[in-house]
S.K.: 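Supplied in structure tokens, the structure appears directly below.
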Amino acid sequence: MTQQNTKTLTIIQPDDFHLHLRDGKVLQSTVTQAARQFRRAIIMPNLKPPITTTKHATEYRKRILAQLPSNTDFQPLMTLYLTDNTPPEEIVRAKESGIVHGIKLYPAGATTNSDAGVTSLSNCIKTLDEMQKQGIPLLMHGEVTDPDVDIFDREAVFIDKVLIPLRKMLPDLKVVFEHITTKAAAEYVTDAEGFIGATVTPQHLLFNRNHLLVGGIHPHYYCLPILKREENRQALLKAVTQNNRRFFAGTDSAPHAKGAKENACGCAGCYSASHAIELYATVFEQQNALEHLEWFTAINGPKFYNLAVNRTTITLEKRDWQIPESLPFGSDKVIPLMAGENLTWKLV
Ligand code: NCD
Ligand code: ZN
């Protein structure tokens, strides 16, 4: 990291290790906005229908690349959506393709477009074993879906009920605990044996559940896993600023049209891809930890995924600017995280 002076900050160009681009007519805006911020991104497969095969991932990747503005070399790193029926041979094909970088576990019913997700990991043992052999990481949406478990406890229960037993059975499986939100998850990842990483979103570093629920329901702060108590946010801040290489940026930027969020049954997902670096810079500055920003956004993730660290750099400038009230989303609009509010760092 070069900090030329207090006004600008130049770092290696970041990658986003958890991004939803969606498909169809919104791709043009989601791809353009993400490509301004990131060099590479792990692309989530929870389309309708989900991306469950290497063939579909290859086609989806082409649709993404077709939307790229000519002045960028953004690279989508594809993932497959694990189902009860994903055969081990699909993992072999995924590895051979060179374009698939992870297999995503959505416990069935855990979040947006997860109906086809895994009902029990015991249905997937052979496939998980093949992933362990091929060195392809399992990217976990780490929440149980048992209706008896309170929504605020679902991540912590997942650690004991799913994550620990799975890792005992397959100790060499590479695991990414996605978008962690709790002290329990931060501590588990910090202390665990073996090959584990975790992504952390800007919203879980910046906000607690009061932002979602005090003074009315604020649907643009609703995402899954849901925002938690302040003590959990503090634990995440500690995790990302403690010089631990297991934690890296994954925005979980998950756009939904304005009307689908501001709704009697509003969708889960915050849209941050348009200004994620600035959001993360704000967090690290608030923690007096700007020296860790580059590790978190540009080095730890590639090292975990066995990718070369980017050679390009970006520069952030210290100046006030206002996040737009809304952004284009196909023929619709999406409300970005912190719409209309001011940030103090701006990507040049
Ligand atoms: C994501 C989405 O909308 O696809 N929503 C979210 O709240 N994060 C799905 C997910 O990653 O859980
Ligand atoms: Zn997500």
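Hydrogens, waters and symmetry mates play no part in the numbers below; they use all other heavy atoms, side chains included. All residue numbers in this chain count up from 1 along the given sequence. Predicted model, so just to flag it, every value in this text is computed and none were measured. Read the numbers this way: they start at 1 and go in the same order the structure lists the ligands and their atoms.
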S.K.: When you measure from atom 7 (O) of ligand 1 to every protein heavy atom, which one gives the shortest distance, and what is it?
M.R.: L224 N, 2.8 Å

S.K.: Which of the numbered atoms in ligand 1 are below 4.0 angstrom from a heavy atom of G269?
M.R.: 5 (N), 6 (C), 7 (O)

S.K.: For the rings on Y280 and F296, is their centre-to-centre separation under 6.0 Å?
M.R.: yes

S.K.: Considering only non-hydrogen protein atoms, determine which one is nearest to atom 8 (N) of ligand 1 and report residue, atom name and distance to 0.1 Å.
M.R.: D252 OD2, 2.7 Å

S.K.: Can you tell me, to 10 degrees, how wide the angle at the Zn ion (ligand 2) is between NE2 on H20 and NE2 on H18?
M.R.: 110°

S.K.: Is the distance between the ring centroids of H204 and H179 under 6.0 Å?
M.R.: no

S.K.: Is H256 touching ligand 1 with its side chain, its backbone, both, or neither, if touching means heavy atoms under 4.0 Å apart?
M.R.: side chain

S.K.: Just which atoms of ligand 1 are under 4.0 Å from any heavy atom in H141?
M.R.: 12 (O)

S.K.: For ligand 1, which atoms sit closer than 4.0 Å to a heavy atom of H20?
M.R.: 1 (C), 2 (C), 4 (O), 9 (C), 10 (C), 11 (O)

S.K.: Does R22 have a non-hydrogen atom less than 4.0 Å from ligand 1?
M.R.: yes

S.K.: Is the shortest side-chain N to carboxylate O distance from E285 to K318 below 4.0 Å?
M.R.: yes

S.K.: Relative to atom 4 (O) of ligand 1, which among T251, I226, N46, L19 owns the nearest non-hydrogen atom?
M.R.: N46

S.K.: In ligand 1, which numbered atoms sit nearer than 4.0 Å to a non-hydrogen atom of C223?
M.R.: 7 (O)

S.K.: Identify whether V31 and M78 are in the same connected component of the hydrophobic contact network (ILVMFWY, side-chain heavy atoms under 4.5 Å).
M.R.: yes

S.K.: Looking only at heavy atoms, is any part of H18 under 4.0 Å from ligand 1, and if so is it the side chain, the backbone, or both, or is it neither?
M.R.: side chain

S.K.: If you check every N/O/S atom of D252, which is the one nearest the Zn ion (ligand 2)?
M.R.: OD1

S.K.: Quick check: F74 with F38 (ring centres under 6.0 Å apart)?
M.R.: no

S.K.: Using a 4.0 Å cutoff against the non-hydrogen atoms of A254, which atoms of ligand 1 qualify?
M.R.: 1 (C), 2 (C), 3 (O), 5 (N)

S.K.: Which residue holds the protein heavy atom closest to atom 5 (N) of ligand 1, what is that atom called, and what is the gap in Å?
M.R.: A268 O, 3.1 Å

S.K.: Is it true that F195 and F304 have ring centroids separated by less than 6.0 Å?
M.R.: yes

S.K.: Whether E230 and R233 form a salt bridge (side-chain N of Lys/Arg under 4.0 Å from carboxylate O of Asp/Glu) is what I want to check.
M.R.: yes

S.K.: Any N/O/S atom from E178 (main chain or side chain) under 2.8 Å of the Zn ion (ligand 2)?
M.R.: no

S.K.: Can a side-chain donor-acceptor contact be found between T54 and E90 if the only test is distance below 3.5 angstrom?
M.R.: yes

S.K.: Just to confirm my output: which protein heavy-atom neighbour is closest to atom 12 (O) of ligand 1, and how far is it?
M.R.: T111 OG1, 2.7 Å

S.K.: Answer yes when R39 and D73 have at least one side-chain N-carboxylate O distance shorter than 4.0 Å, and no when they do not.
M.R.: yes

S.K.: Quick one, K55 with T58, criterion side-chain contact (heavy atoms from CB on, under 4.5 Å). Give me CA distance, side-chain angles, the key distance, then yes/no.
M.R.: CA-CA 5 Å; K55 179 172 176 282; T58 306; 5.6 Å; no

